[in-house]
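As the structure lists them, so they are numbered: ligands from 1, and atoms in each ligand from 1.
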Amino acid sequence: MDSLMIEGGRSLQGEVEVSGAKNAVLPIMAATLLTEEPCLIRRAPQLRDVRFMGGILESLGAKVEFSGDSVSIHAGKIRGRGNYDLIRKMRGSVCILGPILSRMGEAEVALPGGCVIGTRPIDLHLKGMQALGASIQIQEGYVRVRADRLVGNQVFLGGRMGPTVLGTANLMMAATLAEGETIIDSAACEPEIVDLAKFLTAMGADITGAGSPTVTIRGVPALHGAEHEVIPDRIEAATFAIAAAATRGDVRINRMKCEHIRAIIDKLREANVQMSVEDDSLLVRGSESVCGTVDVTTQPFAGYPTDAQAQLMTLMTQADGISVITERIFEARFMHVSELLRLGADISIEGTTAIIKGGQTLSGAPVMASDLRASAALVIAGMVAEGQTLINRIYHLDRGYEKIDEKLEQLGGRVTRLHET
Ligand code: EPZ
């Protein structure tokens, strides 16, 4: 397993370009199962999770070809059972459920195991499929979903923690070919849902309201192939913005959409981070910013995203005072705290709230990556800390950040990937 060796105490300087959004491309790749015609997806980030999804689609019989940041997918002939080893390993693969059920009349996926950030149930996904007339059978860790035909319905998809992003994606995809109209109440409003709806519409689907809590899908007889460019990854953009502020550097982040991270920009402003905001770029002037404290609670879009919670916590270790971060989306998303403590941070946890006492000098040490965004928080901490920080198990990082070591090196960071022999 590869590691990253980071030389701390260096400010990031320069410009960086954001890649396509992991959390948009995964459901969009799954959506290509809804047509027998070929599709071309551009700006697909070159990530482990994207390759994984490609492998899953191939195991279902689709032809998948990667070329740079494009991927062509032709699901001419597919079968309902995929490679469960792959499906079980990646939560994002749950979004093949809706398309396969719609195309094949039955689908079987491994019940996603929990992961370090929480139990990750799929009860709302199954509620959506049942609302369209599917029967559900759970046995031996698999869930089998069957429906001779799917019929549109109105369904409330909100759970105890609020909307479900991939649950909304699954139901939206399954409804595109169902008979009649489907109305999703309490749908997720994330930009990735809007991007998926845009791709499905390009395929011939009839969808209105994507991006709002009520999405209406009118079933059509068939979908055709389409081309699509994926939106920029808002969480990668946020990660670089926070890294610039934390290292007191001046970084311009390009080819992003500032409208997708308004909550993050608002919080960074509250922390006195100086920024120039344009439509598709963000200049963070960390050199002019003395970081202040924040009090933030993660929420569904357009609130502060849970996927940028760990990174913000690292920044708050440098703030001049006490900050409070409350995690409302996942029940166990503080895996990064124990590792930040090893670097000298002063953080205490009370339930789902972390209290961060700022102004601490971090000093480098070996740390362990646990999940994707916790790993990003440790990279930022390593760049702030004095001395060297060795981050182990960075395959977590490679799942969601394209060439992050190269991008940080371009910005003046001293980040070396150590390949385990
Ligand atoms: C998506 O996961 C993202 N992943 C996650 O990003 C992101 O953190 C999450 O949305 C929330 O924004 C992808 O898009 C591939 P949810 P998803 O269903 O859809 C509960 C990253 O770091 N819930 O919106 O799986 C669930 O337990 C990853 O890029 C149910 O109770 O998340 C959680 O508490 C991590 N029942 C809350 O809802 C269900 O059936 C939100 O989960 C489904 C979810």
Measure the distance from [atom] to every protein heavy atom, then report the residue, atom name and distance (to 0.1 Å) of the closest one.
atom: atom 17 (P) of ligand 1; answer: R120 NH2, 3.9 Å
atom: atom 36 (N) of ligand 1; answer: D123 OD1, 2.7 Å
atom: atom 15 (C) of ligand 1; answer: N23 OD1, 3.3 Å
atom: atom 38 (O) of ligand 1; answer: M161 CB, 4.0 Å
atom: atom 9 (C) of ligand 1; answer: F330 CZ, 4.0 Å

Exercise. Is a side-chain donor or acceptor of T247 paired with a backbone partner of L12 at a separation under 3.5 angstrom?
Worked result: yes
Problem set entry | Donor-acceptor pair, side chain of S186 and main chain of F156, under 3.5 angstrom | no
For this session: Ignoring hydrogens, just give me the one of T164, L196, I329 whose non-hydrogen atom is nearest atom 18 (O) of ligand 1.
Result: T164
For this session: Have a look at V165, I235, N170 and point out the one with the heavy atom closest to atom 12 (O) of ligand 1.
Result: V165
Exercise. How about S281 and R252: does a side-chain donor come under 3.5 Å of a side-chain acceptor?
Worked result: yes
Sub-4.0 Å atoms of ligand 1 with respect to non-hydrogen atoms of [X]:
X: T306; result: 8 (O)
X: R91; result: 18 (O), 25 (O), 43 (C)
X: K22; result: 21 (C), 29 (O)
X: I122; result: 39 (C), 40 (O)
X: D307; result: 5 (C), 6 (O), 7 (C), 8 (O), 21 (C), 22 (O), 28 (C), 29 (O), 35 (C)
X: R333; result: 8 (O), 22 (O), 35 (C)

For this session: Of the side chain and backbone of H125, name the one, both, or neither that has a heavy atom under 4.0 Å from an atom of ligand 1.
Result: both
For this session: Under 4.0 Å, heavy atoms only, figure out whether ligand 1 is touched by the backbone of L166, its side chain, both or neither.
Result: both
Exercise. Does P121 have a heavy atom less than 4.0 Å from any atom of ligand 1?
Worked result: yes
Exercise. Going by heavy atoms, is M53 under 4.0 Å from ligand 1?
Worked result: no
Exercise. Is it the case that more than 12 heavy atoms not belonging to K357 sit under 6.0 Å from its NZ atom?
Worked result: no
So, taking the atom named [atom1] in [X] and the one named [atom2] in [Y], what distance separates them when rounded to the nearest 0.5 Å?
X: K22; Y: R48; atom1: NZ; atom2: CZ; value: 12.5 Å
X: S59; Y: I78; atom1: OG; atom2: CD1; value: 10.0 Å
X: L132; Y: M129; atom1: CG; atom2: CE; value: 6.0 Å

Problem set entry | Backbone or side-chain N or O of R373 under 3.5 Å from ligand 1 N or O | yes
Problem set entry | Test of proximity, L124 against ligand 1: N or O pairs below 3.5 Å | yes
Exercise. Should I329 and M161 be marked as a side-chain contact (heavy atoms from CB on, under 4.5 Å) after you check the CA-CA gap, both sets of side-chain angles, and the distance that decides it?
Worked result: CA-CA 6 Å; I329 305 295; M161 312 295 273; 5.6 Å; no
Exercise. Between D371 and R333, is a side-chain contact (heavy atoms from CB on, under 4.5 Å) present by the stated rule, with each step listed?
Worked result: CA-CA 9 Å; D371 70 276; R333 202 167 195 176; 4.2 Å; yes
Problem set entry | NZ/NE/NH1/NH2 to OD/OE distance under 4.0 Å, R393 and E339 | no
Exercise. Passes salt bridge (Lys or Arg N to Asp or Glu O under 4.0 Å), K89 versus D85? Steps please.
Worked result: CA-CA 6 Å; K89 281 184 183 158; D85 198 31; 3.5 Å; yes
Seminar exercise, completed: The single option from T352, T298, T297 that satisfies side chain to side chain donor-acceptor pair (under 3.5 Å) with E327 is T298
